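For reference, the structure is listed below as structure tokens.
This is a predicted model, so every value here is computed, not measured. Basis for what follows: all heavy atoms, side chains included, without hydrogens, waters or symmetry-related copies.
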Amino acid sequence: MDVVTTLRGACPNLEVCVEPSTLASHGQDWTRFRTAAPAGVAFPASTGQVCELVSAAARNGIPLVPSGGRTGLSGGAVAARGEIVVSFDRMQEVMGFDPIDRTVTVEAGVVTATVQELARQNGLYYPVSFASEGSSQIGGNIATNAGGIRVLKYGLTRDRVVGLKVVTGSGQLLELNRGLIKNASGYDLRHLFIGSEGTLGLVVEATLKLVEPPLASRVLLLGIGSMDALMKVFDSLRSALELSAFEFFTDRALHHVCQANQLPNPFETRCPLYVVAEFDCPDGRVEETAMKCFEHCSSRGWVLDGVISQSDRDIERLWRYREGISESISHFPPYKNDLSVRVSVVPEFLRRMDSLVNEICPEFEIVWYGHIGDGNLHMNILKPASMTMSEFETRSHDISDKSYALTRDVGGSISAEHGIGLLKQPWLGMSRSVAEIEFMQKIKESFDPAGIFNPGKLLPLIETR
Ligand code: MLT
Ligand code: ZN
């Protein structure tokens, strides 16, 4: 019997769709290196239905691919091998807001921007923020421990999750930490599920801690001459101001974002590097400090040109230069590398990586941008128009072998925030030791004994059928 018929028989009230357009849309994320080929897409409408679905899948060895807003960039939500996609599109309820605890409890399918808006309506703030927040879902954010532009001040998704409900591989519901701030009662299983990329369990509900809204803020857009100068600017701004973001991009990235969005060049001076920095600016005194800092950096020749926001509209306008980059190059498509190193290593790493890629594939265009404040660099290699996808992938893999070895040698990670997923799986060993991977496999076996959750993602594929 095929998996869809088996599932429909075991869970008669569960909606399982086999419509070709739904299979194509829900079997894919934002990566473009695999073709969607799921057997069906399940749309559970409650936690009870998720438990029922997982139990049936475990009994029958049916692989499940959890799917949120499908904005991932490592193929974590790609279903290319006849799996059943588990969509959370019908689990989008806000379960509650608690003003004393300052928490919001939501089902897994609630969109990130909805949580941000809910916080705002209640005079609070949900600080996890990134370009795809309008469609990404909380369950997916948790599965990848989403980062974004404000990690520097507020931390990762992990730092916001105070309660989690997950369904394990036997269909059992676990309620983890229950919104507590302090809980010293043993292993904190919640953190195992955060960042597990859907390989240990399905997140069905989360309680998220909100924070005080930021004070009025200002944004600086700076043109900078070199990576060493950029680090000096970072250090100066960080010492003088309460920075909430410090992002960089190259002139190549500026070229693409301006072209795709008809944005003017921000300065007459062409600069090799650009920074978007945001800081809390509650009064004129802080503004004065910022101006002094800017003058100091300019007088040293670190900053070649710059502009400071004068209004909320300006803030939005300046952020577009950074936030629009990813989408502006998505059509090439890019081979995405989401690397992290200790902040102090950034300039040397970037230099070595640039020359390594140029040496192997001089004809490839590299677009760099990222979250310098977190040591997180996005290296995007653009596919030349004349090259087929398969040749591009092969050549990019050659680069990965060497670039990930370099990342390992400087003590970095091959994924800072996008996850390992399907695309980076062959190189997991570049960031994690053999012993670590063995422990990860044992942890997976205990939560997912039938091996049904997201097989082949993060950890190597073990055949179940
Ligand atoms: C970003 O920082 O813009 C996102 O991580 C998306 C990307 O890397 O393209
Ligand atoms: Zn990023």
Side-chain angles (χ1 to χ4, degrees), residues 3 6-7 10-11 14 16 27 29 38-42 44 47-68 72 74-88 91 108 139-145 158 161 164-177 186-206 415 419-422 424-425 428 432 434-465:
V3 293
T6 306
L7 205 56
C11 312
L14 177 70
V16 186
D29 60 12
V41 183
T47 293
Q49 280 200 345
V50 175
C51 294
E52 209 184 309
L53 154 67
V54 172
S55 306
R59 282 197 307 277
N60 295 283
I62 300 173
L64 303 177
V65 175
S67 156
S74 294
V78 170
R81 304 177 69 252
E83 305 95 327
I84 293 287
V85 171
V86 183
S87 167
F88 288 88
M91 291 181 66
N141 289 192
I142 292 171
T144 53
N145 187 21
R158 181 182 300 288
V161 179
L164 200 57
K165 285 190 189 171
V166 294
V167 177
T168 71
S170 54
Q172 190 179 28
L173 180 67
L174 293 182
E175 194 175 345
L176 306 171
N177 200 58
Y187 307 144
D188 196 338
L189 301 180
R190 157 186 55 153
H191 287 297
L192 276 179
F193 287 91
I194 302 170
S196 66
E197 303 187 36
T199 62
L200 299 182
L202 303 186
V203 172
V204 286
E205 196 180 296
S415 179
I420 297 294
L422 195 58
K424 312 296 175 203
Q425 201 297 310
L428 179 64
R432 310 301 289 263
V434 173
E436 277 184 294
I437 295 173
E438 274 172 19
F439 276 114
M440 284 161 81
Q441 266 156 337
K442 284 182 196 154
I443 290 168
K444 175 154 174 80
E445 275 160 33
S446 55
F447 284 109
D448 177 23
I452 54 168
F453 286 144
N454 232 358
K457 316 289 173 53
L458 175 59
L459 293 166
L461 183 68
I462 298 166
E463 288 296 338
T464 54
R465 286 187 282 169

Original post:
When you look at Q172 and V54, which way does the side-chain contact (heavy atoms from CB on, under 4.5 Å) test go after all the steps?
Top reply: CA-CA 9 Å; Q172 190 179 28; V54 172; over 6 Å; no
**OP:** Give the C-alpha distance, both sets of side-chain angles, the deciding distance and a yes or no for side-chain contact (heavy atoms from CB on, under 4.5 Å) between L53 and L64.
**Re:** CA-CA 10 Å; L53 154 67; L64 303 177; 4.2 Å; yes
**OP:** Any chance you could lay out the side-chain contact (heavy atoms from CB on, under 4.5 Å) test for M440 and T199, step after step, and finish with the verdict?
**Re:** CA-CA 10 Å; M440 284 161 81; T199 62; over 6 Å; no
Original post:
What do the steps show when you test V203 against F88 for side-chain contact (heavy atoms from CB on, under 4.5 Å), and what is the final call?
Top reply: CA-CA 10 Å; V203 172; F88 288 88; over 6 Å; no
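The shortest non-hydrogen separation linking Q49 to L14 is OE1-CD1, 3.8 Å. In terms of heavy-atom proximity, C51 sits nearest to L173 at SG-CB, 4.2 Å. Considering every non-hydrogen atom in both F453 and G201, the closest pair reads CE1-CA, 3.4 Å. Of all heavy-atom pairs between P44 and S87, the closest is CD-O, 3.3 Å. Nearest heavy-atom pair, P38 versus V85, reported as atom, atom and distance to 0.1 Å: CB-CG2, 3.7 Å. L458 and S196 make their closest contact through CD2-O, 3.8 Å (heavy atoms, listed as atom of the first residue, atom of the second, distance).
Here F193 and F447 bring their ring centres to under 6.0 angstrom of each other.
Atom CG of L189 is separated from atom CG of N177 by 10.0 Å, given to the nearest 0.5 angstrom. Residue I443 holds its CD1 atom at 9.5 Å from CG of L459, rounded to the nearest 0.5 Å. Put simply, CD1 on I437 and CG on L428 are 4.0 Å apart, with the number rounded to the nearest 0.5 Å. Distance check, rounded to the nearest 0.5 Å: CE of M91 to OG1 of T47 gives 4.0 Å. In this structure, CD1 on I62 lies 12.0 Å from CD on E83, to the nearest 0.5 angstrom.
Of the possible polar contacts, none joining the N60 side chain to the L7 backbone as a donor-acceptor pair under 3.5 Å is found. In this structure a side-chain-to-backbone donor-acceptor pair under 3.5 Å is present from S74 to G419.
Under the salt bridge (Lys or Arg N to Asp or Glu O under 4.0 Å) criterion, D448 pairs with K444, sequence neighbours left out. Annotation: side chain to side chain contact (heavy atoms under 4.5 Å, CB included) contacts of A143 (sequence neighbours excluded): none.
Residues V166 and R190 have side chains not in contact (no heavy-atom distance under 4.5 Å, counting atoms from C-beta outward). At a threshold of 4.5 Å between non-hydrogen side-chain atoms, the residues V65 and K457 count as touching. Side-chain contact between I194 and L164 is present, with heavy atoms from C-beta onward closer than 4.5 Å.
Residue pairs that meet the salt bridge (Lys or Arg N to Asp or Glu O under 4.0 Å) test with at least one member in residues 191-206, sequence neighbours left out, are K165-E205.
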